[in-house]
Number of protein chains: 2
Amino acid sequence: MKSLSHSEENYLKEIFHLSGLTEKRVSTNGLASRLNTKASSITDMLQKLSDKKLVEYVKYKGCFLTEEGERIAIQIIRKHRLWETFLVNKLSFGWEEVHDVAEQLEHIDSEKLIDSLDRFLNYPKFDPHGDPIPDKDGKIVYRKSKIKLLDAATNSRVEIVRVNEDSLALLKFLERHQLTLGTELDVLEKFPFDDSMSVRVGELLEINLSKKVTENIGVKFISKL
Amino acid sequence: MKSLSHSEENYLKEIFHLSGLTEKRVSTNGLASRLNTKASSITDMLQKLSDKKLVEYVKYKGCFLTEEGERIAIQIIRKHRLWETFLVNKLSFGWEEVHDVAEQLEHIDSEKLIDSLDRFLNYPKFDPHGDPIPDKDGKIVYRKSKIKLLDAATNSRVEIVRVNEDSLALLKFLERHQLTLGTELDVLEKFPFDDSMSVRVGELLEINLSKKVTENIGVKFISKL
DNA sequence: AAATATTTTTAGACTTGCCTAAAAATTTAT
DNA sequence: ATAAATTTTTAGGCAAGTCTAAAAATATTT
C-alpha cells in the first residue's frame with residue numbers, strides 16, 4: 001500500500017481510461033500518445049507496474065489493470081473529479097479551466113483530505129463535465145441512458161449530460177455556443193457525407209456541429225419532436 | 001519564471017525560514033537537518049540554485065536568498081498557510097493534522113487557484129497556528145507585539161497568538177492542555193534551573209511548561225496581574 | 001600556533017523516468 | 001505465404017536528486 005509516483009499514477013489512470021468499460025487490452029502506442037511519451041518509456045513503466053502487480057502485461061500484447069491497479073486508478077479519478085467540482089462550485093472556475101489544476105491536485109496523498117472534500121461538496125455524483133464521481137469505495141454509477149450526441153436520433157430533443165474534458169478547445173467552443181451541461185437541444189438533421197449534424201438550441205439558434213464535436217458530447221433522450 | 005521542482009521549492013522555503021528576519025547566512029548542515037538529507041546533497045542543490053540566481057552561495061560560507069529567491073519562497077509560504085487555513089476552516093481539520101497535507105498542496109502551481117482560495121477564505125491574515133499569511137504581493141504583516149512565552153514577564157497575563165507548527169507532538173500537547181490560539185494565561189513563576197515556567201490556564205488549572213514548550217509559543221501581553 | 005574536531009565539498013554511484021537508435025515481433029498487403 | 005509496413009522491445013544514455021566515503025576547509029582546543 002506504499003504510495004506511487006505521480007508518473008505511475010498517471011499511467012494507471014490512463015490505462016483505465018483507454019481500456020474503457022470493455023476491458024480492452026491497451027496498446028503501448030496508445031498509451032504513449034495519451035501520455036506524451038515515447039513507446040520505449042511505456043514499455044519500461046509497464047514492466048515496473050507489472051512487477052508491482054498493478055497491471056497484467058504481456059510483451060507485444062499490451063496490458064490491462066489488475067484489480068488492485070483498477071482500485072488505485074479509480075481513486076485517482078475520484079480525486080480528480082472531486083477537485084474539479086470544488087474548483088467550479090466553490091472557487092468559481094470555468095469548466096474549461098479546471099483540468100490542468102486537477103491533474104496536479106489528483107496526486108495529493110491524503111485519504112482524510114479527499115473524504116473531507118467530498119463531504120464539504122455534499123457528496124456530488126457528477127463532476128462539472130458530467131462524468132460520474134466514484135465514491136469512497138470506488139463504486140461508479142454510470143448514467144445508463146446516456147448516448148453520444150453523434151448517435152442521437154433526428155427529430156428528437158435531448159439534454160447535454162456530459163462533455164469530454166480532454167480538449168480545452170472543445171470546452172471553449174461549447175461555452176461560446178451555450179452548449180453547457182443541462183442544455184436541451186433538438187436534433188434536426190444529420191449529414192452522412194461528413195457526419196455533421198444540425199441542432200437547434202433555444203428557440204432560434206441553429207448550429208451545425210462536426211463529428212468531432214458530437215462524438216464528444218453525451219446526451220440523454222428527452223422526447224420526440 | 002519557469003517553474004521549479006518540489007525539491008527546489010522546499011530548499012528555498014527552508015532557507016527563508018532558517019535565515020529568519022535577521023538575514024543570517026544559512027549553513028549547509030543546518031539545511032541538511034531540516035530537509036532530512038545529507039550535507040552533500042545540500043551542496044549540490046545550492047550550486048544549482050546559485051546558478052539560477054535564487055541564492056547567493058559561497059563555498060564553506062553558507063547561503064542566503066536573492067530577492068527573486070525570497071519572492072518565490074514567500075509565495076510558497078503563502079500557499080502553505082492558505083491551504084492550512086482552508087483545511088481547518090472549511091474541512092474541519094485539527095491544527096495538528098494540516099501540516100503534512102499542506103506540504104503537498106503548497107507545490108500546486110496555479111496563481112489563479114491560490115488567489116481564488118484566498119478570496120474564498122476571505123483574505124485571512126493569519127493561519128491556524130497564528131503565523132501571518134503573505135498577501136498576493138508577498139507582503140507579510142508580522143504581529144508587532146508578539147514575544148515568546150519563554151520571555152513573558154512573571155505576574156502578567158498573556159494571550160497565545162502563535163504556536164510553532166513544526167512539531168506534531170507539541171501541537172497535540174497544547175491541544176490536550178487547552179493551550180490553543182487565543183487562550184489567555186497567567187505567567188506565575190519561572191524556574192531558572194531548567195527554564196521551565198508555571199502558568200495558570202482558566203481559573204484552576206496550573207501547569208508547568210518546559211522550555212521546549214514555552215520557546216515555541218508566541219504570546220501577546222494583556223495585563224499585569 | 002599546532003593539533004584535533006567539525007563542517008563542508010568532491011568524487012563516484014544509484015534510482016527514476018525519460019530519450020534515441022536499432023533490433024525483434026507482429027500485422028498488413030501483395 | 002512472403003514481403004513490406006508497423007508496432008513494440010531492447011540497449012545504452014542522460015538529468016535530477018539522492019547517497020556514501022574520502023578529501024579539503026574551517027573552527028576549536030590545548
Side-chain angles (χ1 to χ4, degrees), chain A residues 1-16 18-19 24-65 69 72-73 76 103-104 106-109, chain B residues 1-16 18-19 24-65 69 72-73 76 103-104 106-109:
Chain A
M1 208 94 351
K2 72 172 239 298
S3 79
L4 304 173
S5 70
H6 290 196
S7 207
E8 290 171 316
E9 291 192 350
N10 284 334
Y11 274 75
L12 293 181
K13 186 181 55 155
E14 212 48 57
I15 294 167
F16 181 86
L18 284 178
S19 69
K24 291 186 290 285
R25 294 192 89 92
V26 173
S27 74
T28 300
N29 270 356
L31 266 174
S33 84
R34 291 283 306 177
L35 291 169
N36 294 307
T37 57
K38 295 303 158 77
S40 53
S41 307
I42 303 293
T43 302
D44 283 354
M45 184 61 100
L46 289 183
Q47 281 296 358
K48 194 165 133 196
L49 293 174
S50 180
D51 291 349
K52 295 191 179 183
K53 306 260 191 266
L54 299 174
V55 307
E56 296 283 349
Y57 166 60
V58 180
K59 271 189 202 173
Y60 296 103
K61 296 296 177 187
C63 69
F64 57 91
L65 296 174
I72 295 170
I76 299 161
E103 291 273 297
Q104 296 181 64
E106 72 189 4
H107 299 295
I108 301 292
D109 178 27
Chain B
M1 208 91 350
K2 71 173 241 299
S3 78
L4 303 173
S5 71
H6 289 197
S7 209
E8 291 170 316
E9 291 192 350
N10 285 334
Y11 275 75
L12 294 180
K13 187 180 54 154
E14 213 46 57
I15 294 167
F16 182 86
L18 284 178
S19 70
K24 293 186 289 286
R25 294 192 88 92
V26 173
S27 75
T28 300
N29 269 357
L31 267 175
S33 85
R34 291 283 306 177
L35 291 169
N36 295 306
T37 56
K38 295 302 157 78
S40 53
S41 307
I42 303 293
T43 303
D44 283 353
M45 184 61 100
L46 289 183
Q47 280 297 357
K48 195 165 133 194
L49 292 174
S50 180
D51 291 347
K52 294 192 180 184
K53 307 259 191 266
L54 300 175
V55 307
E56 297 282 349
Y57 167 60
V58 179
K59 271 190 200 172
Y60 295 103
K61 296 295 177 186
C63 70
F64 57 91
L65 296 175
I72 295 171
I76 298 161
E103 290 273 296
Q104 296 182 63
E106 72 189 4
H107 300 296
I108 301 292
D109 178 28

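Throughout, protein chains are lettered first and strands after them, A, B, ... in sequence-line order, and every chain is numbered starting at 1. Source: prediction; values computed, not measured.
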message: Which is more 5' along DNA chain C, the nucleotide nearest Asp44(A) or the one nearest Lys61(B)? Just name the residue.
response: Lys61(B)

message: I need the CG-P distance between Leu31(A) and dT9(D), as an integer number of Å.
response: 11 Å

query: For dT20(C), does either OP1 or OP2 sit under 4.0 Å from a side-chain N or O belonging to Lys38(A)?
result: yes

message: Between P on dC18(C) and CG on Leu35(A), what's the gap in Å once rounded to a whole number?
response: 8 Å

message: When you measure from the side-chain N and O atoms of Tyr11(B) to the phosphate of dT18(D), is any distance below 4.0 Å, counting only OP1 and OP2?
response: yes

message: Base, sugar-phosphate or nothing for Thr43(A)? Non-hydrogen atoms, less than 4.0 Å.
response: base

Derivation and outcome, side-chain contact (heavy atoms from CB on, under 4.5 Å), residues Phe16(B) and Ile72(B): CA-CA 10 Å; Phe16(B) 182 86; Ile72(B) 295 171; over 6 Å; no

- request: Could you give me the CA-CA distance, side-chain angles and deciding distance for Leu18(B) and Lys24(B), then say whether side-chain contact (heavy atoms from CB on, under 4.5 Å) is met?
  value: CA-CA 8 Å; Leu18(B) 284 178; Lys24(B) 293 186 289 286; over 6 Å; no

Between C1' of dC18(C) and CD of Gln47(A), the distance in whole Å: 16 Å

task: Begin with the C-alpha distance, continue with both residues' side-chain angles, and end with the deciding distance and a verdict on side-chain contact (heavy atoms from CB on, under 4.5 Å) for Lys52(B) and Leu4(B).
output: CA-CA 10 Å; Lys52(B) 294 192 180 184; Leu4(B) 303 173; 4.1 Å; yes

query: Any idea which of dC19(C), dT9(D), dT18(D) is nearest the Ser41(B) side chain?
result: dT18(D)

message: So, does Asn29(A) get its side chain near the phosphate of dT8(D), meaning an N or O under 4.0 Å from OP1 or OP2?
response: yes

message: Here's a test for you: under side-chain contact (heavy atoms from CB on, under 4.5 Å), which of Asp44(B), Ile42(B), Thr43(B) qualifies with Leu46(B)?
response: Ile42(B)

task: May I ask you to verify if any side-chain N or O of Ser7(A) is less than 4.0 angstrom from the OP1 or OP2 atom of dC18(C)?
output: yes

- line: When rounded to whole Å, the CZ to P distance for the pair Arg25(B) and dT7(C) reads 18 Å

field: Selected nucleotide, minimal atom distance to Ser40(B) side chain, candidates dA21(D), dC18(C), dT9(D)
entry: dA21(D)

- request: Could you work out which one of dT10(D), dA24(D), dC18(C) sits closest to the side chain of Tyr60(B)?
  value: dA24(D)

message: Just the rounded figure in Å: distance from C1' of dT9(D) to CE of Met45(A).
response: 17 Å

- prompt: Rounded to the Å, how far apart are Lys59(B) NZ and dA24(D) P?
  reply: 12 Å

- prompt: What integer distance in Å separates Ile42(B):CD1 from dC19(D):P?
  reply: 9 Å

- prompt: What is the nucleic acid contact for Thr28(B), judged by heavy atoms within less than 4.0 Å: base, sugar-phosphate only, or nothing?
  reply: sugar-phosphate

- request: Give the ring-plane orientation class for His107(A) versus His6(A), where under 30° counts as parallel, over 60° as perpendicular and anything between as tilted.
  value: parallel

task: Give a yes/no on whether any side-chain N or O of Tyr57(B) is located under 4.0 angstrom from OP1 or OP2 of dT9(C).
output: yes

message: Using whole Å, what does the distance between atom P of nucleotide dT16(C) and atom CG of Asn10(A) come to?
response: 17 Å

